[in-house]
Trainee: 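Below is one structure. I have some questions about it.
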Protein chains: 2
Amino acid sequence: MICEAPPRKRRKEARPSELTAAALGLFVEKGFAATRLEEVALRAGVSKGTLYLYFDSKEALFKAVIQEGIIPVVAEAEAIAARHAGSAFDLLERLLENWWARIGETDFAGIPKLMIAEARNFPEIAQFYYENVIRRGRALVGAALERGMASGEFRRMDIETTIEVIIAPLLMLLIWRFSMGSCQSKQADPRQYLAIHMDILRQGLQHPRV
Amino acid sequence: MICEAPPRKRRKEARPSELTAAALGLFVEKGFAATRLEEVALRAGVSKGTLYLYFDSKEALFKAVIQEGIIPVVAEAEAIAARHAGSAFDLLERLLENWWARIGETDFAGIPKLMIAEARNFPEIAQFYYENVIRRGRALVGAALERGMASGEFRRMDIETTIEVIIAPLLMLLIWRFSMGSCQSKQADPRQYLAIHMDILRQGLQHPRV
DNA sequence: TAATTTACTGACTGAAAAGTCATTAAGCAT
DNA sequence: ATGCTTAATGACTTTTCAGTCAGTAAATTA
């Protein structure tokens, strides 16, 4: 059997995003150091040399993966918060729903695991991610909490810590999917997971009964 | 200045645990693939050749790191649950406290991040960890929840999902410390974090007000 | 159709790190 | 002390992979 190489195509515009998409998948799956650039290129349907036409180095590729992924989503969440009218809990719920729809159900879902695994090896990229995604995401949740506490809808608690406790289960849901998730047969249903989390929060953030 | 090599010492008994301790630290910090065995040996005060006297390969070293770390702690938690007498929420609280004292405040604290980052690359080790740590840990929390629901202390919710929502913030606390933690100046106080989490849970798991 | 440009290729290079082994010396036995 | 066993060493070999570059062919222009 003769395997001919597939015909070359010249597609200057499409290459960078095809390459970052392939790289994201492999980085999430195997980690940055364990991913071979040849494999990234292969998955993008291109040769290794082509990869170096568009990215100076492996680290530059990583930086591009992170930068192009997630920042538009944060901006969108800020817009949602800005024009929200209902209760504070309602806003929380909408933020988390949106986050799930825009991250959890897309290819970006692997970014949190990737960022967590590599933060120490790439402090500059971690810093960028922290400033542009984490800090802004937390600020949104924090503002919702403050509003709810000011209006009497929520009881008073330490804001910074409560933010983390609220966000943690969402992050774990994704992290799990790309790590130990393959060990268990039936994956928890994300929608139900979110519902129960919000349910506990709805009641847990209230003023205690007298 | 003349740097003499420090004198050799023969310490067959102590080597394996010194090596796994050094390896754990570096694996957590840099990831498995990015850690050089020469650096592991150096940190353990030994040469690379010595490392290979005790471990057949880099992967064997990784396996040893995971196996020796955390299983005794799970067994201890099971003992605590077995002899517990008070309320179900009290048991939950004691389990989480114990977990924090035995994992969160020890050198094992990095294991969850390590396991999450490498699970996909070492499915066999991940499976072992899942069966011996995760499944058993979850079973404990699940039993406490069931007891509380049976006695009427908690409202009825899907057990499996609730377990995850309860555990997630604890895992994130550790994962954070070994990843993005270095990006923010003031780290959240773990004790306060746990207190708020338990506080939300105490109220969130109750029967709703009528 | 021929000439020109440039996106693309893949064999090659050098460096870095895993893994090996002949040699050395610490500690024990006599 | 002297010889013996074996833990420990570090220079060496092998493998792997990021990064390079001379050449190829797809598109575009004349």
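Predicted model, so just to flag it, every value in this text is computed and none were measured. Chain A is the first sequence line, chain B the second, and so forth, proteins listed ahead of strands; every chain is numbered from 1. Atom set for the values below is all heavy atoms of this structure, side chains included, hydrogens, waters and symmetry mates excluded.
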Trainee: Separation of Leu61(A) atom CG from dC17(D) atom P, in whole Å?
Mentor: 16 Å
Trainee: With hydrogens left out and only the distance checked, is there a donor-acceptor pair under 3.5 Å joining Arg8(A)'s side chain and the base of dT9(C)?
Mentor: no
Trainee: Figure out the CD/C1' separation between Glu59(A) and dA18(D), and round it to whole Å.
Mentor: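 Atom CD in Glu59(A) sits about 13 Å away from atom C1' in dA18(D).
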Trainee: Starting from C1' on dC8(C), measure out to CZ on Arg11(A) and report it in whole angstrom.
Mentor: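 Computing the Arg11(A):CZ to dC8(C):C1' distance gives 13 Å.
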Trainee: Within the pair Ser47(A) and dC8(C), is there a side-chain N or O less than 4.0 Å away from OP1 or OP2?
Mentor: no
Trainee: Taking atom P of dA18(C) as reference, at what distance in whole Å does atom CD of Glu38(B) sit?
Mentor: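 Taking CD of Glu38(B) and P of dA18(C), I get 8 Å after rounding.
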Trainee: Nearest whole angstrom, please: distance from the C1' of dA16(C) to the NZ of Lys58(B).
Mentor: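 Rounded to whole Å, this separation is 12 Å.
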Trainee: Would you kindly compare Arg36(A) and Val46(B) by the position of their nearest DNA chain D nucleotide and give the one closer to the 5′ end?
Mentor: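 Upstream on the strand: Val46(B).
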Trainee: Have a look at Phe55(A) and say if it touches a base, only the backbone sugar-phosphate, or nothing, with a 4.0 Å heavy-atom cut-off.
Mentor: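 Nothing: the residue Phe55(A), judged by heavy atoms under 4.0 Å, touches no strand.
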Trainee: Please check this pair: side chain of Gln192(A) against backbone of Thr161(B), looking for a donor-acceptor N/O pair closer than 3.5 Å.
Mentor: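 Judged by distance alone, no pair lies under 3.5 Å.
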Trainee: Using a distance-only test with no angle check, is there a side-chain donor-acceptor pair under 3.5 angstrom linking Glu164(A) and Tyr193(B)?
Mentor: no
Trainee: Select base, sugar-phosphate, or nothing to describe what Lys48(A) touches, counting heavy atoms under 4.0 Å on all strands.
Mentor: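 Base, at least one base heavy atom under 4.0 Å.
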Trainee: Give a yes or no answer on whether the side chain of His197(A) reaches the backbone of Asp199(A) with a donor-acceptor pair at less than 3.5 Å.
Mentor: no
Trainee: Has Arg15(B) got a side-chain N or O lying under 4.0 Å from the OP1 or OP2 atom of dA8(D)?
Mentor: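 So the side-chain polar atoms of Arg15(B) do come within 4.0 Å of the phosphate oxygens OP1 or OP2 of dA8(D), strictly under.
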Trainee: Nearest whole Å is fine: how far is dA25(D) P from Leu53(A) CG?
Mentor: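 Taking atom P of dA25(D) as the reference, CG of Leu53(A) is at 17 Å.
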Trainee: Roughly, in whole Å, what's the span from CZ in Phe62(B) to P in dA18(C)?
Mentor: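 One finds 15 Å between P of dA18(C) and CZ of Phe62(B), rounded.
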Trainee: So what does Leu37(B) touch, heavy atoms closer than 4.0 Å: a base, only the sugar-phosphate, or nothing?
Mentor: sugar-phosphate
Trainee: Report yes if at least one side-chain N or O of Tyr52(A) is closer than 4.0 Å to OP1 or OP2 of dC8(C); otherwise report no.
Mentor: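 No, Tyr52(A) has no side-chain N/O under 4.0 Å of OP1/OP2 on dC8(C).
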Trainee: Is Arg94(B) atom CZ crowded by more than 12 heavy atoms from other residues, nucleotides or ligands, each under 6.0 Å away?
Mentor: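 Atom CZ in Arg94(B) is not crowded, with 12 or fewer foreign heavy atoms closer than 6.0 Å.
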Trainee: Regarding Arg138(B) and the six-membered ring of Trp99(B), is the cationic atom NZ or CZ under 6.0 Å from the ring centre and inside 45° of its axis?
Mentor: no
Trainee: Send over the distance from Glu18(A) CD to dC8(C) C1', rounded to a whole Å.
Mentor: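 So the CD-C1' distance, Glu18(A) to dC8(C), works out to 13 Å.
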Trainee: Pick the nucleotide of DNA chain C nearest each of Ala33(B) and Arg10(B); which residue has the one closer to the 5' end?
Mentor: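 Going by which nucleotide is closer to the 5' end, it is Ala33(B).
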